[in-house]
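First the structure, in the form of structure tokens, and then the observations on it.
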Protein chains: 2
Amino acid sequence: MTRYSGQSRMLVAVDCIIFGFDGEKLKLLLIKRGFEPQKNKWSLMGGFVQPGEGLESAAARILHKLTGLEGVYMEQLFAFGEPERDPVERTISVTYFALIDINQYVQQLTDEYKAEWVSLDALPDLIFDHVEMVNMAKEKLRYKAAIHPILFELLPSKFTIPQLQLLFEAVYDVTFDKRNFSRKILSTGLLIKQKDKERLSSKRGAFYYKLDKRKYNAKFNSFLNFVTDPGNLK
Amino acid sequence: MTRYSGQSRMLVAVDCIIFGFDGEKLKLLLIKRGFEPQKNKWSLMGGFVQPGEGLESAAARILHKLTGLEGVYMEQLFAFGEPERDPVERTISVTYFALIDINQYVQQLTDEYKAEWVSLDALPDLIFDHVEMVNMAKEKLRYKAAIHPILFELLPSKFTIPQLQLLFEAVYDVTFDKRNFSRKILSTGLLIKQKDKERLSSKRGAFYYKLDKRKYNAKFNSFLNFVTDPGNLK
DNA sequence: GCAAAAGTGTTCCCCCTACACCCATGC
DNA sequence: GCATGGGTGTAGGGGGAACACTTTTGC
């Protein structure tokens, strides 16, 4: 036997929900779709899974094509498969969400996609079910970041505690007490204080910190409580 | 345009990881695969997604075909898509895990599948990448049950606190202090004490409880801490 | 010298943990 | 009356939350 008989085959696509943080707001990297249908409408970056290519490789390929980046934090989100989700043809979409340091993003020279960073709280209309995908990704980001130290992936390798706090506040849309915040973050032991300061956003300057990669990898899967029930998380 | 051109189409399957609890151990509902390849090897229950059918519907259909049950707790787990995962033909498998009350399971009359409940800690070899699927499902069950009240789905509508404790202990492979356990569970306010007792497993008998469905639905998505970091959870 | 952001310490309270004894019943 | 599992109370400790003042420096 070389094939399963009597079954119908479908297109399988991968769509990437790419998060970034500009120091103030959470952003999504969106593109203007380059082909029909809905050409020039806003869309997540995506593409079809090729023969001989796994889902994760497909997502990495697509992310790389858009951003030039490799080794990015990426995680499978959900498989969307309603029969009519793509009006052209039955297509399953497996979504991945990625967290990238927005400063690492370099606009590709051959920018066939017209990619833009868009504020997460002012999203334009998106094609198909992409809004649903984004909403699920936001939820998952909140859920996961409350327990695991993934938000560091959105920051440069050197960052300050106030920057980190702004990031958490953007993700959860709340404000934290800075004393409690810094105590909690430092108590994880994940941060290493640097000798130099960031001097752009204040006169006094704030010390840089770096992730302790060893502890980060070791602790990643243990339960850490970064946020105490910020409303309703799934 | 009626089709995307130049892309290759693939089979899309759904596989169900079906958990049950017999009062002592966690179980999986497995079948002997009824067709080639690997006919008569143990396997998860699965099937191909049909045209015009969504992923979730496909999973519900397959679950129903095997168990006769509807309205079961079910959740998408992960999409597996390595190119060689099914040696016959490129197939994407979207997995769902389901929690069912083992007593509700009725062996179907036309049991073409030879389904059996198998202890989770003594799994036989499974076809393809099904072992990986099961391991991921176990992990996710632990992860989720530590925070959300999903384990009730594995029990009958009336259950006792000692039964519930046995279930938690089976899931996390630990033992809990019964005083702390019952205080914690009751403090959620999710349980309603019944007037009658279960009298099989002890002379004194243990009071039955039922889920408060209203509070259950309302609180489902808030963070509840059922388990304090039971080792390494993802 | 003043405005603006960084940095730090303490108290209180709640929840989690550890731990031991009595109760109800079938035999 | 004894063995078996059900059910409860308490004390201590740790961590989260609330809260205010000093420091640094550019202007």
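So you know, we letter chains A, B, ... as the sequences are listed, proteins then strands, and number each from 1.
For the pair A/Ile185 CD1 and D/dG16 P, the computed distance is 11 Å after rounding to whole Å. When the P atom of D/dA18 is taken as reference, atom CZ of A/Phe181 falls 15 Å away, rounded to whole Å. Across the protein-nucleic acid pair, B/Phe226 atom CZ and C/dT17 atom P stand 14 Å apart, rounded to whole Å. Put simply, CZ on B/Arg199 is 10 Å from P on D/dG7, counting in whole angstrom units. Between the CZ atom of A/Phe176 and the P atom of D/dG16 there is a distance of 13 Å, rounded to whole Å. If you take CG of A/Asn225 and C1' of C/dC15, they are 13 Å apart, rounded to a whole angstrom. One can place NZ of A/Lys184 at 12 Å from P of D/dG15, the figure rounded to the nearest angstrom.
Legend: residues meeting salt bridge (Lys or Arg N to Asp or Glu O under 4.0 Å) with A/Asp129, ordered by chain and number and at least two apart, are A/Arg85.
Side-chain N/O atoms of B/Thr95 and B/Asp15 include no donor and acceptor closer than 3.5 Å. Using a 3.5 Å distance cut-off with no hydrogens or angles, the side chains of B/Gln76 and B/Tyr96 do pair a donor with an acceptor.
With salt bridges taken as basic N to acidic carboxylate O contacts below 4.0 Å, one links B/Lys25 and B/Asp121. Using a cutoff of 4.0 Å between basic side-chain nitrogens and carboxylate oxygens, A/Lys140 and A/Glu75 are scored as salt-bridged.
Figure legend: B/Lys193 and B/Tyr209 shown without cation-pi pairing, the cationic atom not lying both under 6.0 angstrom from the six-membered ring centre and within 45 degrees of its axis.
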B/S/- along nucleotides 5-10 of chain C (protein heavy atoms under 4.0 Å) is SBBBBB
